[in-house]
*Asks:* 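Following this message is one structure expressed as structure tokens.
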Amino acid sequence: MNVLVTGAGGFVGKYLIQQLQTENKNVFAVKLPHETLSIENITVSDLNFLNGDSVKAYLEKYRPDEIYHLVAQSSVAVSWKEPQKTVDVNIKGTLYLLDAVRTIENYHPKILLIGSGEEYGFPLDGSKAIDESEPLKPVNIYAVTKVCQNMIGAVYAKAYGLNIIMVRAFNHIGAGQSSIFVASDFAKQIAEMEAGLQPPVMKVGNLSAKRDFSDVRDVVRAYTLLMAHGTAGMTYNVGSGHAVSIQELLDILISFSEISVTVEQDKQKMRPVDVPLIEADISRLRNDTGWKPLYSLKDTLYSVLEYQRQQIKKP
Ligand code: GDD
């Protein structure tokens, strides 16, 4: 079985490839030229998803049986600053992929599109977990692009019979994630404080927001289970099912350190709009795949901090 991972040079891509290798899949990976990917026994190519002809030429050449489309501008914070790039990569990139598949003769791969829990925006009842039937009311450009991707996927599945399964992934974290995301941001600051590179003042944004965090290793396992057992044309929430406040996440990370930390709000880190609670109802994922998370939030956060400590020790 030949499997393509797009956006393979990113944080999730590396974990997904490792998961696919444990499942004995033959992995093809595409990434951007400046990204590095040093995993053995995979076929790596550079591919720009903003060039539709290149995307089609690649698929015609390799004809993978399954495609995990991870290419994205994945940061809500960045999308406020770079809305055009977010729209281009997340919407046009997906359209080029699906249209290439549609127009290649006798080619019917299974495709997993990765959307976001951010698509729901402010839920009707803001106090409970959200299932996939919740109306979509995105409140930032990143979320809008993911709603659009989901809708494009649904149209291509229905109109052209493409075998597409759509995911709404909630927050996922782990070692190696960029420090533009909250867990790695806080962990990096702690590691720098421990090394004497930053005064013991933790700069934070909105600590009252509640988000549904999962370990990236659990998330990629959900993706491969959905590829195997998900229903084409259907959307699945992927999350833990339990939201925690950013304050709680910060407290856990600080508890792993000996240093005494003062917390200070940084206005630059506050967003124009931030949904108070985003929590997944994962009944559909559980029912269709039997997925269960294997990692606790505490263990995952510890691995995030250890990674940041190692980064600082590097010459
Ligand atoms: N990044 C960051 N840095 N966020 C902070 C900080 C900080 O210092 N302080 C508080 N926050 C709050 C943000 O306001 C937000 O409510 C929450 O922490 C999580 O922020 P991020 O880690 O940047 O992630 P996100 O929720 O915006 O987006 C992530 O989750 C989505 C699914 O819910 C990303 O992984 C997306 O790709 C994903 O779709």
Side-chain angles (χ1 to χ4, degrees), residues 7 10-13 15 69-81 86 89-90 113-123 129-130 134 136 138-150 166-174 176-190 192 198 201-216 219-220 222-223 235-251 253-254 261 263-280 282 297 300-301 304 308:
F11 162 61
V12 181
Y15 284 98
H69 187 50
L70 301 187
V71 163
Q73 190 301 93
S74 61
S75 161
V76 175
V78 169
S79 77
W80 288 110
K81 296 177 187 129
T86 308
V89 175
N90 296 0
L113 293 182
I114 313 300
S116 168
E118 281 281 337
E119 290 174 48
Y120 297 111
F122 287 89
I130 314 158
E134 179 74 26
L136 303 176
V139 293
N140 58 66
I141 295 297
Y142 167 78
V144 167
T145 64
K146 289 297 183 177
V147 168
C148 197
Q149 173 184 265
N150 182 280
M166 289 156 292
V167 163
R168 291 199 184 109
F170 290 62
N171 299 57
H172 35 299
I173 57 176
Q177 189 173 31
S178 158
S179 58
I180 55 173
F181 298 101
V182 68
S184 291
D185 181 324
F186 292 170
K188 186 173 181 217
Q189 291 190 61
I190 291 172
E192 287 183 347
Q198 175 183 327
V201 182
M202 174 72 72
K203 301 280 189 188
V204 301
N206 176 16
L207 295 183
S208 67
K210 290 186 172 174
R211 293 290 181 274
D212 182 320
F213 290 94
S214 297
D215 190 294
V216 63
V219 169
V220 295
Y223 290 174
T235 298
Y236 292 85
N237 284 344
V238 172
S240 73
H242 302 285
V244 297
S245 70
I246 306 304
Q247 177 74 60
E248 286 171 82
L249 185 130
L250 175 62
D251 291 344
L253 280 167
I254 290 177
V261 177
V263 176
E264 202 172 85
Q265 195 178 78
D266 177 349
K267 284 208 170 62
Q268 298 291 329
K269 290 184 153 190
M270 298 298 286
R271 300 179 181 178
V273 187
D274 208 24
V275 181
L277 168 73
I278 304 184
E279 184 174 62
I282 52 169
L297 178 61
T300 305
L301 286 172
V304 172
Q308 292 297 339

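For ligands, and for the atoms within them, numbers begin at 1 and follow the listed sequence.
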*Asks:* Is ligand 1 under 4.0 Å from a heavy atom in the side chain of A169, in the backbone, in both, or in neither?
*Replies:* backbone
*Asks:* Which part of V182 is near ligand 1, with near meaning a heavy atom under 4.0 Å away: side chain, backbone, both or neither?
*Replies:* both
*Asks:* Give a yes or no on whether the backbone of Y142 and the side-chain of T145 come within a donor-acceptor separation of less than 3.5 Å.
*Replies:* yes
*Asks:* Quick check: closest heavy atoms across F186 and M202, and the distance to 0.1 Å?
*Replies:*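 What the structure gives for the nearest pair is O-CE, 3.7 Å.
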*Asks:* Would you check whether Q177 has a nitrogen or oxygen atom less than 3.5 angstrom from a nitrogen or oxygen atom of ligand 1?
*Replies:*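 No - when backbone and side-chain N and O of Q177 are compared with those of ligand 1, no distance drops under 3.5 Å.
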*Asks:* Check ligand 1 against G205 and write out every atom of the ligand that is under 4.0 Å from a heavy-atom position of the residue.
*Replies:* 6 (C), 8 (O), 9 (N), 10 (C)
*Asks:* Determine, for D185 against K269, whether the closest basic-nitrogen to carboxylate-oxygen distance falls under 4.0 angstrom.
*Replies:*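 Salt bridge: yes.
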*Asks:* Do you know which of N140, T86, V139 makes side chain to side chain contact (heavy atoms under 4.5 Å, CB included) with V76?
*Replies:*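 The residue from N140, T86, V139 that satisfies side chain to side chain contact (heavy atoms under 4.5 Å, CB included) with V76 turns out to be N140.
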*Asks:* Considering V273, N140, I278, D185, which one's heavy-atom position lies nearest to atom 3 (N) of ligand 1?
*Replies:*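 Answer by nearest heavy atom: D185.
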*Asks:* Any atoms of ligand 1 less than 4.0 Å from a non-hydrogen atom of N206? List them with their elements.
*Replies:*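 Taking each heavy atom of N206 in turn, ligand 1 has 9 (N), 10 (C), 11 (N), 12 (C) under 4.0 Å.
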*Asks:* With a 3.5 Å distance limit and no angle check, can you tell me whether E134 reaches the backbone of L136 through a side-chain donor-acceptor pair?
*Replies:* no
*Asks:* Looking at every non-hydrogen atom in both residues, tell me the closest pair between V304 and A187 and how far apart they are.
*Replies:* CG1-CB, 3.7 Å
*Asks:* Check whether any side-chain heavy atom of F122 sits under 4.5 Å from a side-chain heavy atom of I278, and report yes or no.
*Replies:* no
*Asks:* For the side chain of N237 and the backbone of I130, is there at least one donor-acceptor N/O pair under 3.5 Å apart?
*Replies:*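 A pair under 3.5 Å: yes.
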*Asks:* Counting only nitrogen or oxygen atoms and a 3.5 angstrom limit, does H172 reach ligand 1?
*Replies:*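 The answer is no, given that H172 and ligand 1 share no N or O pair closer than 3.5 Å.
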*Asks:* Closest non-hydrogen protein atom to atom 36 (C) of ligand 1, residue and atom name please, with distance?
*Replies:*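 The answer is S74 O, 3.2 Å.
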*Asks:* Is it the side chain (CB and beyond), the backbone, both or neither of N171 that lies under 4.0 Å from ligand 1, heavy atoms counted?
*Replies:*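 Contact part for N171 vs ligand 1: both backbone and side chain.
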*Asks:* Check D266 against ligand 1 and report side chain, backbone, both or neither, counting heavy atoms closer than 4.0 Å.
*Replies:* neither
*Asks:* Report the nearest protein non-hydrogen atom to atom 31 (C) of ligand 1: residue, atom name, distance rounded to 0.1 Å.
*Replies:* S116 OG, 3.7 Å
*Asks:* Applying a 4.0 Å heavy-atom criterion (strictly less than), which segment of R211 is in contact with ligand 1: side chain, backbone, both, or neither?
*Replies:*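 Side chain only.
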*Asks:* Side chains of S214 and N171: donor-acceptor distance under 3.5 Å anywhere?
*Replies:*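 No - no donor-acceptor pair under 3.5 Å links their side chains.
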*Asks:* What is the closest protein heavy atom to atom 1 (N) of ligand 1, and at what distance does it sit?
*Replies:* I180 O, 2.7 Å
*Asks:* Is it the side chain (CB and beyond), the backbone, both or neither of F170 that lies under 4.0 Å from ligand 1, heavy atoms counted?
*Replies:*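 Answer for F170: backbone.
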*Asks:* Quick one: look up the protein heavy atom nearest atom 35 (O) of ligand 1 and list residue, atom name and how far away it is.
*Replies:*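 Ranked first by proximity to atom 35 (O) of ligand 1 is F181 CE2, 3.9 Å.
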*Asks:* How far is atom 14 (O) of ligand 1 from the closest protein heavy atom, and which atom is that?
*Replies:* D274 OD2, 2.7 Å
*Asks:* Looking only at distances, please establish whether an N/O atom of ligand 1 is found under 3.5 Å from an N/O atom of L207.
*Replies:* no
*Asks:* Applying the side chain to side chain contact (heavy atoms under 4.5 Å, CB included) test to S240, which of D215, I282, D212, L297 qualifies?
*Replies:* D212
*Asks:* Should one rank Q189, K269, Q268 by closest heavy-atom distance to atom 8 (O) of ligand 1, which comes out on top?
*Replies:*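 The option holding the nearest heavy atom is K269.
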*Asks:* Should you measure from each heavy atom of V76, which atoms of ligand 1 turn up under 4.0 Å away?
*Replies:* 27 (O), 28 (O)
*Asks:* Under 3.5 Å, is there a donor on one side chain and an acceptor on the other for E119 and S116?
*Replies:* no
*Asks:* Please work out whether any backbone atom (N, CA, C, O) or any side-chain heavy atom from C-beta onward of R271 is under 4.0 Å from ligand 1, and answer side chain, backbone, both or neither.
*Replies:*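 It is the side chain that touches ligand 1; the backbone stays farther off.
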*Asks:* At under 4.0 Å between heavy atoms, which part of A209 makes contact with ligand 1: side chain, backbone, both or neither?
*Replies:*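 The part of A209 near ligand 1 is the side chain, not the backbone.
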*Asks:* Without swapping roles, check the side chain of Q177 against the backbone of H172 for a donor-acceptor pair under 3.5 Å.
*Replies:* yes
*Asks:* If we ignore hydrogens and angles and just use 3.5 Å, is the side chain of K146 paired with the main-chain N or O of I114 as donor and acceptor?
*Replies:*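 Yes; judged by distance alone, with no hydrogens or angles, the pair exists.
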*Asks:* Tell me, which protein residue and heavy-atom name are nearest atom 17 (C) of ligand 1, and how many Å apart are they?
*Replies:* I246 CD1, 3.6 Å
